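Both counts, for ligands and for their atoms, begin at 1 and track the order of listing. Quantities reported herein were computed from a predicted structural model and do not represent experimental measurements.
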Amino acid sequence: MSLHTSRKLKIHQPENFQYESIPDSHVWDDLHDHPSVEPIGPDAVPVIDLNDPKLIEKIGKACEEWGVFIICNHGIEPEVLNRLCSQMHRLFALPAEVKLKVAKTEGHDAGYGGFPISHFCPKFSWSEGFAIGSSSVDHAQKLWPDDYSTFCEVIEEYKKAINSLGCRLIHAMLLSLGLSEEELCQIPVGDSSKLKTVMHLNSYPACTNPDRVLGLPPHTDSGCVAIVYHNGISGLQVLRCKDDIAPTRWVTVPAVSNTFVVNIGDLMHVLSNGRFHNVLHRVTISKTNRLSCAYFFGPQADIKVGPLSKLAGLEQSPLYKPVTWPGLQKMRSMLHDKALQAIKIDSN
Ligand SMILES: C=C1C[C@]23C[C@H]1CC[C@H]2[C@@]12CCC[C@@](C)(C(=O)O1)[C@H]2[C@@H]3C(=O)O
Ligand SMILES: O=C(O)CCC(=O)C(=O)O
Ligand SMILES: [Fe+2]
């Protein structure tokens, strides 16, 4: 078996995922800790039409009750999404040794390979990732010396579209929390010039035994909001905790073509003083290749985010101490899912 392995980066691809039997390193034992359920009835993941006259109210409710929702009528042309999809396909179809030329290096967000949470995982994920920071030119030149510009142009076109969509969504979320237009511009994440974004491309290769492997382990996103594009194949699941309806379960997010999935991350949970739900999610594998692109929005590195003073006033005290995005990521790298606990303000 030819293994493309890098311990440091936790990339480990059994023959570029073309295997005869799944190696034990990729078999997860606790995948069925909670049942997987379809998104129907009370488990129907909210779908929000961006042209809805009650948009603000609906977004606020979805952020509080779910921490995840699907958006339609978002105004991004399907051609832009198709072009992104074909470039993602082109990237991940490259031979492993070519992709490893742009492998992530210690301390850098951008590049090919594993992702921070993989360090906490007992097993390898059935996926490949490629993170893009401010520019994709250097990496694209290494991957396609003779034709790198198409990739960069498509990425730039997508970034432009998704940045304005992200700003619209964050704006609507902040209004739903009761901020006025004037107050909104005064807080860091309400000011689009103070946002930092990271684009993360994911490939989840098909697997003949998908019930034993996992595309991405359960996690919350650390930033404010993530907008996820996918190629119409389902796989993303969100955890719904035990309630009056049912025990704790993994709800499959329906994969409707030309829609996006929006996730609330840790920093939005902090900013909203616990009102918005930072949703725990994972990605399962199927017998069809899946591609996704998660676009993360957070504050620029030097900006601290704490509970909005309007929400953490006299009636309700602030639940968390302010933290920067890199500060929170560093705490997560040490404490994993206990990082938010560490910035919690003791109410006693
Ligand atoms: C800007 C980001 C956001 C990152 C780190 C960096 C690039 C890769 C992102 C992810 C993608 C996979 C889940 C996650 C939890 C992971 O391990 O890597 C994300 C993480 C975060 O949300 O913190
Ligand atoms: O592939 C997906 O649907 C979700 C990806 C994700 O959760 C992430 O990159 O953080
Ligand atoms: Fe995520």
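To the nearest 0.5 Å, the span separating CD1 on Ile303 from CG on Asp191 amounts to 8.0 Å. Atom CD1 of residue Ile117 and atom NE2 of residue His119 lie 10.0 Å apart, to the nearest 0.5 angstrom. Expressed to the nearest 0.5 Å, how far NE2 of His139 lies from NZ of Lys104 amounts to 10.5 Å. Going from atom CD1 of Ile264 over to atom CE of Met268 covers 5.5 Å, rounded to the nearest 0.5 Å.
Checking Phe296, Phe130, Phe115 against atom 19 (C) of ligand 1, the nearest heavy atom belongs to Phe296. Closest heavy-atom approach to atom 11 (C) of ligand 1 within the set His219, His200, Arg332: this belongs to His200. With distances taken over non-hydrogen atoms, the option nearest atom 12 (C) of ligand 1 out of Asp266, Leu216, Leu267, Thr197 is Leu216.
Close N/O approach between Ser222 and ligand 1 is found [any backbone or side-chain N/O within under 3.5 Å]. Checked against a 3.5 angstrom limit, the closest N/O atoms of Ile117 and ligand 1 fall inside it.
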Margin query: Determine whether Tyr320 and His269 satisfy the following criterion, ring pair (Phe, Tyr, Trp, His ring centres under 6.0 Å), listing intermediate values before the conclusion.
Written below: CA-CA 10 Å; Tyr320 298 100; His269 173 80; 5.4 Å; yes

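Counting side-chain heavy-atom gaps under 4.5 Å among Ile, Leu, Val, Met, Phe, Trp and Tyr, Ile245 is found in no cluster with other residues.
No donor-acceptor distance shorter than 3.5 angstrom exists from the side chain of Lys287 to the backbone of Pro210, with no hydrogens or angles considered. With hydrogens and angles ignored, the 3.5 Å screen pairs no side-chain donor or acceptor of Arg83 with any backbone N or O of Val154. Although no hydrogens or angles enter the test, the distance criterion places a donor-acceptor pair under 3.5 Å between the side chain of His74 and the main chain of Asn258.
The environment of Lys159 atom NZ is dense: over 12 non-hydrogen atoms of other residues, nucleotides or ligands sit within 6.0 angstrom.
Shortest non-hydrogen contact noted between Ser234 and Thr252 is CB-CG2, 4.2 Å.
Under a 4.0 Å criterion applied to the non-hydrogen atoms of Asp221, ligand 1 contributes the atoms 22 (O). Atoms of ligand 1 found under 4.0 Å from any heavy atom of Pro116 (numbered from 1 in listed order, with element): 5 (C), 16 (C), 17 (O), 18 (O).
Contact residues of ligand 2 (protein heavy atom closer than 4.0 angstrom to a ligand atom; sorted by chain and number): Asn202, Tyr204, Leu216, His219, Asp221, Val228, Leu236, His281, Val283, Arg290, Ser292, Ala294, Phe296.
For the Fe ion (ligand 3), the nearby protein N/O/S atoms, meaning those under 2.8 Å, are His219 NE2, Asp221 OD1, His281 NE2.
When distances from atom 16 (C) of ligand 1 to the protein are checked, a heavy atom turns up under 4.0 Å.
Within the structure, side chain to side chain donor-acceptor pair (under 3.5 Å) contacts touching residues 291-304 (residues at least two apart or in different chains) are Asn163-Tyr295, Thr197-Tyr295, Asn202-Ser292.
Looking from atom 2 (C) of ligand 1 to the surrounding protein, the closest heavy atom is Gln329 NE2, 3.8 Å. Closest to atom 7 (C) of ligand 1 among all protein heavy atoms lies Val198 CG1, 4.1 Å.
Under the 4.5 Å side-chain heavy-atom criterion for Ile, Leu, Val, Met, Phe, Trp and Tyr, Val323 and Ile187 are members of the same hydrophobic cluster.
Trp144 carries Arg90 over the face of its six-membered ring, with the cationic atom under 6.0 Å from the centre and within 45° of the normal.
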